[in-house]
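To keep things clear, I will list the structure first and then write my remarks on it.
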Amino acid sequence: MNRFFVTTPIFYVNAKPHLGHAFTTILADAQSRFHTLMGDESYFLTGTDEHGDKIAKASEAAGQSPKEYADQISGLFRDLAPVVGAKPNQFIRTTDPDHIKTVQKVLQKVYESGDIYFGEYGGHYCFGCERFYTEKELVDGMCPDHKTKPEYIAEKNYFFRMSKYQGWLIDHINEHPEFIRPARYRNEVLSLLESGALEDLCISRPKSRLTWGIELPFDPDFVCYVWFDALLNYVSALNYPRGDKFKKFWPAANHIVAKDILKPHAVFWPTMLKAAGLQPYQSLNVHGYWLVRDTKMSKSLGNVVEPKRMVDTYGASAFRYFLLREMAFGSDASFTEEALVGRLNADLANDLGNLFNRALAMTHKYFDGKVPSPAEEFQEDAELKHLGLEAMQGFQENFAEFRTARGLESLWELVRALNKYIDQTAPWTLYKNKQMARLGTVMYVVLEHMRKVAVHLWPVMPEASVKMLEQLGMPFDLDKIVLPKEPEVWGVLESGVAVAATSNLFPRVELPEPTPPAAKEAPALEAKKSKADKAPKEPQAPAGPLENIEFTDFQKLDLRVGTVVSAEKHPDADKLLVVKVALGEAEPRQVVAGLADRFSPEDLVGKQVVVVANLAPRKLRGVQSQGMILVAKDAEVTRLLTAAGAVDDGGKVA
RNA sequence: GGCGAGGUAGCUCAGUCGGUCAGAGCAUGCGGCUCAUAUCCGCAGUGUCGGGGGUUCAAUUCCCUCCCUCGCUACCA
């Protein structure tokens with residue numbers, strides 16, 4: 001029996017679940033169910049990632065301990081799966097004692113084998129640029145900008161000798177086409193690996209800076225860097241090294257991630273496994289983002305309520321169908337309720353639901369609600385069966401490679417062909433002409449195909465599939481379904497069995513409200529990225545209020561109002577503007593502001609702005625900056641901060 | 001700026017190792033059926049396959065170049 005181990009990333013508990021998390025979970029669930037039907041033993045793992053700086057800070061802001069905070073958010077993720085009809089076999093948390101032990105075991109092992117070393121983080125530091133330079137970047141040992149000799153500064157940390165496995169990883173990827181898919185991401189990783197030497201990975205943080213993490217077994221002054229901790233969940237969940245689950249399911253791992261965490265999974269993780277003496281996983285499956293139409297909803301609650309609301313409104317089956325049908329594997333897709341409704345009506349209500357219902361109704365009308373016996377097979381029957389066979393094979397082949405959209409598209413060729421077949425055979429005419437034998441065959445062909453379709457849909461729409469089969473008088477029985485044989489097998493549906501009189505599993509739906517007017521006015525803002533599967537370590541706005549400061553701290557800020565007298569693009573940077581602001585001083589202040597992506601120079605000239613006047617001067621990309629221009633922003637817009645009326649240049653903000 | 005991915009019917013996309021490859025679904029128009037969830041079936045489209053240049057008997061498919069979009073990355077104090 002083949003083993004199939006499917007995982008979602010463990011979700012970072014710095015934000016609540018949203019559409020992206022829901023999708024990854026649904027995809028993993030569909031894959032798990034698909035492989036179960038294919039006769040494999042499947043194990044589906046999900047969970048939460050709970051260590052790191054951001055969690056420490058967020059919990060502090062919330063007035064909770066990190067663990068309390070993590071418990072709370074982790075619970076939200078644990079509740080996500082049932083909402084979308086997913087059934088993970090296990091929910092792991094990186095704060096689980098077993099996981100912590102495993103991480104320490106692996107750290108110790110890799111340390112002892114010599115692939116973790118104590119080194120210095122940093123290097124050649126140029127005070128002019130305020131940054132570190134690598135040996136390669138220096139020109140004759142001098143800073144390329146300032147032509148001065150940088151000073152060597154270091155912070156001690158532990159490093160994983162990732163560079164050692166670069167060549168091995170390149171070979172492995174080349175030899176295993178399915179290792180990273182779809183191919184675009186495989187190519188991306190290969191070009192990343194082949195473009196230059198891989199740096200070793202810093203895997204520790206000094207406890208002086210961060211305590212919320214797993215302590216290094218060989219140095220109690222440090223905790224483990226979150227990625228090294230998080231990735232190991234995939235084996236700690238299986239009770240590595242001695243657990244039965246581990247022996248069963250490793251290395252049959254099929255990871256599912258969104259594209260934002262490609263590098264850690266495609267580079268860090270395999271090299272970590274290699275260093276720890278483990279087999280690499282089987283495949284990494286990378287999907288794109290869901291783009292979400294921007295509405296007021298996202299401002300207050302984010303996309304948080306979306307999955308729940310969609311499921312409440314349309315049902316888990318329909319929601320899952322839409323997501324799995326709409327997103328081309330690897331590409332971004334756009335989520336709008338209009339598209340959802342359109343898809344449900346066209347594919348589920350019109351094509352499938354109506355087909356199913358008309359088939360049941362005719363069975364009742366012509367055969368008293370019992371599955372008729374088939375008689376002689378006509379050519380049109382054989383043709384349909386052949387088409388169905390190809391459609392089901394297409395479904396299985398595509399689904400096996402995570403191309404769910406194409407798989408469903410393929411299956412729908414059968415659904416549409418069935419509607420056409422009914423039209424061509426015209427059972428109502430056969431009935432009128434009393435050709436009952438032929439009519440029985442036609443109805444049997446339709447019903448048996450309906451059963452096949454229902455079986456194939458179980459991974460995608462488990463509830464609906466089970467109900468369809470019940471209505472066909474064939475209660476769902478996992479042990480009796482052998483999906484690989486379904487395309488060819490015939491005659492499973494038993495004659496004489498009673499079917500339901502009608503079916504309304506896929507009713508037509510309507511948009512709850514007319515299109516929001518906001519959609520029209522700002523097409524540029526229409527699609528907005530929803531970062532799926534946010535993983536550790538992207539900088540992000542603080543989750544809660546910052547800690548309190550004293551009034552005297554505030555007084556340290558010298559905030560001034562000034563008029564922008566000129567603004568131009570930074571000669572050497574895309575996102576920077578070089579702005580001159582009159583602050584009532586002899587010369588206008590030159591401020592370098594990171595606003596070029598949101599403002600053009602003309603937007604600024606002549607405006608009064610608020611400037612932090614006593615910010616230590618600093619060079620940004622070679623240009624002196626003597627202050628900072630303040631802006632106000634939310635998820636969608638950035639606005640200049642200014643006084644409500646005119647103020648003399650240099651006026652103080654207090 | 002560097003690296004990567006992409007620009008094909010109104011929309012979402014498929015496809016071409018160069019020669020019935022110009023396609024599917026949705027949306028639109030017209031016609032048909034009545035078993036059915038105002039459903040289903042048939043027919044009809046429209047496209048300079050991003051612009052320009054090159055290679056070739058032949059390019060949407062190969063090469064060069066330009067434009068645009070997206071992602072990663074650097075500068076965002």
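By convention in this document, chain letters (A, B, ...) are assigned in the order of the sequence lines, proteins followed by strands, and residues within each chain are numbered from 1.
A heavy atom lying under 4.0 Å from RNA chain B marks none of the residues of residues 318-331 of chain A.
Separating the CG atom of A:Leu193 from the C1' atom of B:G4 is a distance of 14 Å, rounded to the nearest angstrom. One interatomic measurement links the two molecules: CG of A:Leu577 to C1' of B:C75, which rounds to 12 Å at whole-angstrom precision. Between the C1' atom of B:G4 and the CD1 atom of A:Ile180 lies a distance of 14 Å, rounded to the nearest Å. A straight line from CZ of A:Arg343 to P of B:A27 spans 10 Å, rounded to a whole angstrom. Look at CG on A:Leu360: it is 11 Å from P on B:U37, rounded to the nearest Å. Here B:G23 presents its C1' atom at 12 Å from CD of A:Glu413, a figure rounded to the nearest Å. Taking atom CG of residue A:Asn433 and atom P of nucleotide B:C35, one finds them 13 Å apart after rounding to whole Å. To the nearest angstrom, C1' of B:A14 lies 19 Å from CH2 of A:Trp412.
Although no hydrogens or angles enter the test, the distance criterion places no donor-acceptor pair under 3.5 Å between the side chain of A:Arg181 and the main chain of A:Ser283. In this structure a side-chain-to-backbone donor-acceptor pair under 3.5 Å is present from A:Tyr444 to A:Leu493. In this structure a side-chain-to-backbone donor-acceptor pair under 3.5 Å is missing from A:His449 to A:Val446. Put simply, the side chain of A:Ser373 never gets that close to the backbone of A:Ser495: no donor and acceptor are under 3.5 Å apart. At least one donor-acceptor pair closer than 3.5 Å links the side chain of A:Asp200 to the backbone N or O of A:Ser163. Looking at A:Thr363, its side chain does come within 3.5 Å of a backbone N or O of A:Ala359 through a donor-acceptor pair. A:Tyr185 places a side-chain N or O within 3.5 Å of a backbone atom of A:Gly330 that can act as its donor or acceptor partner.
In the displayed structure, A:Lys385 atom NZ is contacted under 6.0 Å by more than 12 heavy atoms of other residues, nucleotides or ligands.
At the heavy-atom level, A:Gly353 lies under 4.0 Å from base atoms of the strands shown. Contact annotation for A:Thr502: no contact, since no heavy-atom pair falls under 4.0 Å across all strands. The residue A:Pro507 sits close to a base: some heavy atom pair falls under 4.0 Å. A:Phe506 comes within 4.0 angstrom of a nucleotide base, judged by non-hydrogen atoms across all strands.
Taking the side chain of A:Asn357 as heavy atoms from C-beta on, and the options B:G25, B:U37, B:C35, the nearest nucleotide is B:U37. Of all nucleotides listed (B:C70, B:C76, B:U37), B:C76 comes nearest to the side chain of A:Leu576.
Using a cutoff of 4.0 Å between basic side-chain nitrogens and carboxylate oxygens, A:Arg406 and A:Glu409 are not scored as salt-bridged. A salt bridge is defined here as a Lys NZ or Arg NE, NH1 or NH2 lying under 4.0 Å from an Asp or Glu carboxylate O, and A:Glu380 with A:Arg438 meets this definition.
Partners of A:Glu585 according to the side chain to side chain contact (heavy atoms under 4.5 Å, CB included) rule, which considers only residues two or more places apart in sequence or in another chain, are A:Leu583, A:Arg589. Qualifying side chain to side chain contact (heavy atoms under 4.5 Å, CB included) partners for A:Ala375, counting only residues two or more places apart in sequence or in other chains: A:Ala437, A:Thr441.
Taking the C1' atoms as reference points, B:U8 lies 11 Å from B:U16, given to the whole Å. Separation of the C1' atoms belonging to B:G19 and B:A5 is 29 Å when rounded to the nearest angstrom. Nucleotides B:A9 and B:A14 are separated by 12 Å at their P atoms, to the nearest Å. When the C1' atom is used for both B:G25 and B:C3, the distance is 35 Å, rounded to whole Å. The same atom, P, is picked in B:G18 and in B:U61; the two are 11 Å apart, to the nearest Å. Atom P of B:A22 sits at a distance of 14 Å from the matching atom of B:G47, rounded to the whole Å. Spacing of P atoms, B:G53 relative to B:A74, comes out at 40 Å, to the nearest Å. Rounded to whole Å, the separation between the P atoms of B:U28 and B:U69 comes to 32 Å.
Map A:Ala359 and A:Glu409 each onto its nearest nucleotide of RNA chain B; the residue landing nearer the 5' end is A:Glu409. Two residues, A:Leu348 and A:Ala593, neighbour RNA chain B, and the one matched to the more 5' nucleotide by heavy-atom proximity is A:Leu348.
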Please list, pair by pair, any protein nitrogen or oxygen found under 3.5 Å from a nitrogen or oxygen in nucleotides 40-42 of chain B.
residue : atom : partner  : partner atom : Å
B:C40   : OP1  : A:Asp351 : OD1          : 3.4
B:C40   : O2'  : A:Arg358 : NH1          : 3.2
B:C40   : O2'  : A:Asp423 : OD1          : 3.2
B:C41   : O4'  : A:Asp423 : OD2          : 2.9
B:G42   : OP1  : A:Lys420 : NZ           : 3.0

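Remark: A:Arg508 is in phosphate contact with B:U39, judged by side-chain N or O atoms under 4.0 Å from OP1 or OP2. A:Arg184 has no side-chain polar atom (N or O) that falls below the 4.0 Å cut-off from OP1 or OP2 of B:C70.
Distance CG/A:Leu439 to CE/A:Met362: 8.5 Å, rounded to 0.5 Å.
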Exercise answer: donor-acceptor pairs, residues 346-355 of chain A side-chain atoms, under 3.5 Å, sequence neighbours excluded:
residue  : atom : partner  : partner atom : Å
A:Asp347 : OD2  : A:Tyr321 : OH           : 2.7
A:Asp347 : OD2  : A:Arg343 : NH1          : 3.2
A:Asn350 : OD1  : A:Arg508 : NH1          : 2.7
A:Asn350 : ND2  : A:Asn345 : O            : 3.4

**OP:** Would you write the dot-bracket representation of RNA chain B, where each base gets (, ), [, ], | or . depending on whether it forms a Watson-Crick or G-U pair under 3.5 Å and with which partner?
**Re:** (((((((..((((.....[...)))).(((((.......))))).....(((((..]....))))))))))))....

